[in-house]
Amino acid sequence: MPKNKKKNRPANAKSIQSGDDSSEFNADENASTISNASTNMSYQDLEGEEGKKAVDEFIEKIDNVQTQIDSCLDGLLEKGYKEREDSLKILKKLFAHKFIFDSIVNKRFTLSESLIKSLKKGKSNEQILAANVLSLTLVQMGSSAPDTSAIFADSRQILIELIDDEKVDAEVRAECVKCLAMAVFLLNESSTDTISILDKFAAIFSNSFAKGDGTLRVFTPKVYELHAAALSSWCFLLCTMPLHYVNKLSQKYVPNFLDLLRSTDSELRIVAGETISFLYELAQLDSHSNLACFEDENLLETLRALVSESSKFKSKKEKKQQRSSFRDILKTLEDGEFDTQTIKFGIESLLLDNWVKRKEYETFRDLLGTGMNAHLAENDYLRDLFDLGPPVQDNEQNRKAALSMFTSKQKAQINKEQFKSRTKSMLKKRENKDYAQIQHMDDED
């Protein structure tokens, strides 16, 4: 599969015009993880380690990936929305947890047409699932032309229409924002095209800026989620833009991000703080940048307050997450340091040593969930993006790859034989151990 063409980008970034300050005052808008069901299988949504185990078991039950995809594509043509949603949920799990480029590349037209139809005519839940599966499809395809560009060309208009329509459910708009950002990032759209998308996202999150009198508008949780998604996607796309343009946006928006740090929504506060650190890191790389907006004492005092906040109105989990996030953010702005993180997957590891790389990793991780490690190990695009080199298979990966070629009964038989072999080996070791102990006892006598 063709490698990703990288532009000049600092600090392992893929290296924006001003956003529109127009506001959407509609606070009454109608309102990442693992989903459900199959034609012959049922699966309950779960999270964490339990959810990962359940997904692994679900994926293992699929005897033939190609047949399952065909079944789902047929399900997307059903008149009943429940059947379509169930098919989308299976595709979501499958695409997130297995790299199956070869299985879907020849079904691009059928898949994209069905997803676009769900986006246009489906109810909110179906639209959210369709946008998510579309994002996953793009990640499966990587930067492979013309497949990825063809999918984006077909779906771009409906994504923009849903994002722009304030009557559409805010959750649907948020998922479409993330999907649009992923497509633009993967395709390395020209700077001019990317700027128009960045302006669109800025017009959304700027609605959480303070009004003229300094007070903040109040929105529903779903609208806050939309604003956070727009800001996060805006930041994600800045990874692809030239330094001078990123710094130009820093001068415009960082003072306004103080308003977002005062927001009642925890996610929006954290995303705003991380975006400030991201912009500061890139500003340091440009000798012509002005760092005054990052050194503002009001900004630093606000960040310090968020690190030590002990409000009784927030849960322990929320306060813990906020303190942890803003400690990292403040450390970057005050000391110019970044806490390096190491992500281990299989026998390999990925080093996150700057905010740009962390932003790229977290965006893909939020989409792929517990399937992130599988894609890091096998997905050519992600391996190229994070400079991991050609795929490396360990013994366990080889075993799973071999098992995927067999039916459930054959897998069960193989596992049974392996169990017998292990049992015999352990019995032999125990016999040898017992014999040694008896000999030792005889020697003592």
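- To the nearest 0.5 Å, atom CG of residue Leu129 and atom CD1 of residue Ile90 are 11.5 Å apart.
- For the pair Gln341/Leu350, no side-chain contact is recorded, criterion being any heavy-atom separation below 4.5 Å from C-beta on.
- Residues Leu382 and Leu388 fail the side-chain proximity criterion, which asks for heavy atoms closer than 4.5 Å.
- The six-membered or imidazole ring of His375 lies away from that of Phe364, with a centre-to-centre distance of 6.0 Å or more.
- Residues Phe205 and Leu226 have side chains not in contact (no heavy-atom distance under 4.5 Å, counting atoms from C-beta outward).
- Lys344 has no carboxylate O lying under 4.0 Å from a charged side-chain N of Glu348, or vice versa, which leaves the two without a salt bridge.
- Using a cutoff of 4.0 Å between basic side-chain nitrogens and carboxylate oxygens, Arg108 and Asp154 are scored as salt-bridged.
- Glu378 and Pro391 get closest at one heavy-atom pair: O-CG, 4.3 Å.
- Both the sub-6.0 Å distance and the 45° axial angle are not jointly satisfied by Lys359 relative to the ring of Phe278.
- A salt bridge links Lys107 with Asp70; the closest basic N to acidic carboxylate O contact falls under 4.0 Å.
- Heavy atoms only, all atoms of each residue included: Pro390 and Arg383 are closest at O-NH2, 3.0 Å.
- Taking 4.0 Å as the cut-off between side-chain N and carboxylate O, Lys82 and Glu85 do not count as a salt-bridged pair.
- Closest of all the heavy-atom pairs between Phe386 and Met372 is CE1-CE, 4.4 Å.
- Arg156 and Ile197 get closest at one heavy-atom pair: NH2-CD1, 4.0 Å.
- Proximity of a side-chain donor or acceptor of Gln140 to a complementary backbone N or O of Lys98 within less than 3.5 Å is detected.
- The side-chain heavy atoms of Leu352 and Thr340, taken from C-beta on, include no pair separated by under 4.5 Å.
- Under the 4.0 Å criterion applied to side-chain N and carboxylate O atoms, Arg84 and Glu126 are assigned as salt-bridge partners.
- Taking every heavy atom of both residues into account, Leu299 and Leu258 meet most closely at CA-CD2, 3.8 Å.
- Comment: Lys200 engages Asp164 in a salt bridge, judged by a side-chain N to carboxylate O separation of less than 4.0 angstrom.
- The backbone N or O of Ala203 sits less than 3.5 Å from a side-chain atom of Asn207, completing a donor-acceptor pair.
- Side-chain atoms of Ser324 do not come within 3.5 Å of backbone N or O of Gln321 as any donor-acceptor pair.
- Here the shortest heavy-atom pairing between Trp355 and Asp328 reads CZ2-O, 4.0 Å.
- Note on ring orientation: taking the six-membered ring where Trp is involved, the planes of Tyr381 and Phe185 are perpendicular (angle over 60°, cut-offs 30° and 60°).
- Formation of a donor-acceptor pair under 3.5 Å by the Arg269 side chain with backbone atoms of Ser263 is found in this model.
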